[in-house]
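One structure is given below, encoded as structure tokens.
One-based numbering, in listed order, for ligands and for the atoms of each. Everything numeric in this text was worked out from a predicted model, so none of it was measured.
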Amino acid sequence: MNRTVLITGAGTGFGREIALRLAARQWTVIAGVEIPSQIFQLEHEAEQRGVVVQVEKLDVTDAADRARFSMLDVDVLLNNAGIGEGGSMVDIPEAHLRRQFEVNVIGPVMLTQAIARRMATRRAGKIVFMSSCAGLTADPFTGAYSASKHAIEAIAEALGKELQEFGVAVATVNPGPFLTGFNDRIFDAWKSWDKSRSDNLFDYEHIAYPYRQFDIKPVVDTTIGVIEGTIDTYRNVEPGQNVEMQRRQMDDAWTRRYDENLGKRFALVETYYDMQPGTPVDE
Ligand SMILES: NC(=O)C1=CN([C@@H]2O[C@H](COP(=O)(O)OP(=O)(O)OC[C@H]3O[C@@H](n4cnc5c(N)ncnc54)[C@H](O)[C@@H]3O)[C@@H](O)[C@H]2O)C=CC1
Ligand SMILES: O=C(O)C(=O)C[C@H](O)C(=O)CO
């Protein structure tokens, strides 16, 4: 049976590996990549692996790019493209905050609208959002990124309830810390801020992503499971070993006092100053 998937942000990281793996599993894969240079790179990798992937430029913030996909009938849309604009909510410049939402929220929703309408007409389809653990809770210095993923959580939740009567399913995947380079880049974002500003509250030169990072395999496996239907849960947190901690963190907001620990540094903030970028989990 011919099954077609459109994956955004497929030039690198999770998206690229999921694209290549699905192609090897006989899916027709349309891999949307942000910039033209990623087209050749992915085509080359597909050739090396002996699989066929249709690679297309699809910057999700570009209306003209999105329009080229608006008449496409796919069985599954994987909204995977994303960026992380790091920095305290006190310091992050307006343009970076807006860009965070353009790439992670507005662009994907506009793309999804066109594809979802066609799925609803056909009364079949699945829309998967690469959300994040950051869509469920929030850490210091990734507030803007986390807000964009919280928005995705709300959008996916509403969309799933709206589309169920049309036979269209919606699901989320929520990775924690995985070593694609993405998390470390979040903490490089300040380097492109306006250099003339001198009133930042924090010294970003000495702040790094505070978690040890996992190999990407569980995220790739789980996303493929959700896409193929061997996994049917709406929310899918990886790594699985973090699920209980994640749930405890979500519950914590119900009992935390807003004035406790005032005047003391939040414990995790210390870790941002101690951690080296790209630290893998201990084997
Ligand atoms: N690596 C991690 O630990 C986690 C990653 N995620 C999410 O997974 C998704 C993929 O990230 P990774 O593979 O880790 O990093 P990545 O940086 O390798 O992948 C992101 C991809 O999105 C593309 N992209 C950026 N702006 C775009 C735009 N305007 N239009 C189209 N594509 C665009 C990039 O070119 C890149 O290929 C992202 O949505 C990210 O938020 C979520 C939780 C944890
Ligand atoms: O544990 C977490 O929460 C995370 O590590 C989430 C990541 O920061 C993330 O989503 C960025 O890729």
Check: With a 4.0 Å cut-off on heavy atoms, is Glu102 touching ligand 1?
Finding: no

Notebook entry, point to check: Would Trp27 and Glu228 count as having a side-chain donor-acceptor pair, cut-off 3.5 Å?
Noted result: yes

Margin query: Any atom of ligand 1 sitting under 4.0 Å from a heavy atom of Gln38?
Written below: yes

Check: In terms of atom number and element, which parts of ligand 1 are under 4.0 angstrom from non-hydrogen atoms of Asn80?
Finding: 9 (C), 10 (C), 38 (C), 39 (O)

Next item on the list: Say whether Arg185 and ligand 1 are in contact under the criterion: heavy-atom distance to a ligand atom below 4.0 Å.
Entry: yes

Notebook entry, point to check: Should the ring pair Phe178 and Phe214 be called parallel, tilted or perpendicular, given that the plane angle runs from 0 to 90° and is split at 30 and 60?
Noted result: tilted

Next item on the list: Could you see which bit of Val103 sits under 4.0 Å from ligand 1, with heavy atoms only: side chain, backbone, both or neither?
Entry: side chain

Next item on the list: Ignoring hydrogens and angles, state whether a donor on the side chain of Thr172 or Asn236 is under 3.5 Å from an acceptor on the partner side chain.
Entry: no

Note to self: If we count only N and O atoms by modelled type, under 3.5 Å, do the side chains of Gln54 and Thr28 hold a donor and an acceptor together?
What the structure shows: no

Checklist line | Mutual orientation of the aromatic rings belonging to Phe182 and Tyr145 [parallel < 30°, tilted 30-60°, perpendicular > 60°] | finding: tilted

Margin query: Nearest non-hydrogen contact with atom 42 (C) of ligand 1 belongs to which option: Gly135, Ala134, Pro108, Ser131?
Written below: Ser131

Margin query: For atom 3 (O) of ligand 1, which of the options Phe178, Phe14, Phe182 provides the nearest non-hydrogen atom?
Written below: Phe178

Next item on the list: Heavy-atom distances under 4.0 Å are what count here, so tell me which part of Ile83 touches ligand 1: side chain, backbone, both or neither.
Entry: side chain

Next item on the list: Would you mind listing which atoms of ligand 1 come within a distance below 4.0 Å of any non-hydrogen atom of Gly13?
Entry: 13 (O), 18 (O)

Check: For atom 24 (N) of ligand 1, which of Glu34, Arg99, Lys149 has the closest heavy atom?
Finding: Glu34

Check: Backbone, side chain, both or neither: what part of Arg16 comes under 4.0 angstrom of ligand 1, heavy atoms only?
Finding: neither

Check: Leu58 heavy atoms, cut-off 4.0 Å: which ligand 1 atoms fall inside?
Finding: 30 (N), 31 (C)

Note to self: What I want to find out is whether Glu17 reaches Arg49 closely enough, with some N-O distance under 4.0 Å, to be called a salt bridge.
What the structure shows: yes

Check: At a 4.0 Å threshold, what atoms of ligand 1 neighbour a non-hydrogen atom of Met130?
Finding: 7 (C), 8 (O), 9 (C), 39 (O)

Next item on the list: Please report the closest heavy-atom contact between Pro177 and Tyr209, naming both atoms and the distance.
Entry: CB-OH, 3.0 Å

Next item on the list: Decide whether the shortest distance between a heavy atom of Tyr145 and an atom of ligand 1 is less than 4.0 Å.
Entry: yes

Notebook entry, point to check: Hey, what do you get for CD (Glu85) to CD (Glu102), rounding to the nearest 0.5 Å?
Noted result: 12.0 Å

Next item on the list: For Gly176, take its heavy atoms, then give the atoms of ligand 1 lying under 4.0 Å from any of them.
Entry: 2 (C), 3 (O), 4 (C), 43 (C), 44 (C)

Next item on the list: Over 60° means perpendicular and under 30° means parallel, so classify the ring planes of Tyr204 and Phe202, tilted if in between.
Entry: tilted

Item checked: Close approach of Pro177 to ligand 1, heavy atoms, under 4.0 angstrom -> yes

Item checked: Atoms of ligand 1 close to Asp59 [distance to a heavy atom under 4.0 angstrom, numbered from 1] -> 28 (C), 29 (N), 30 (N), 31 (C)

Check: With distance as the sole criterion, is a donor-acceptor pair present between the side chains of Glu238 and Asn174 under 3.5 Å?
Finding: no

Margin query: Ignoring hydrogens and geometry beyond distance, is a side-chain donor-acceptor pair present between Asp139 and Tyr211 at under 3.5 Å?
Written below: yes

Check: Is there a heavy atom in Asn183 that sits closer than 4.0 Å to ligand 1?
Finding: yes

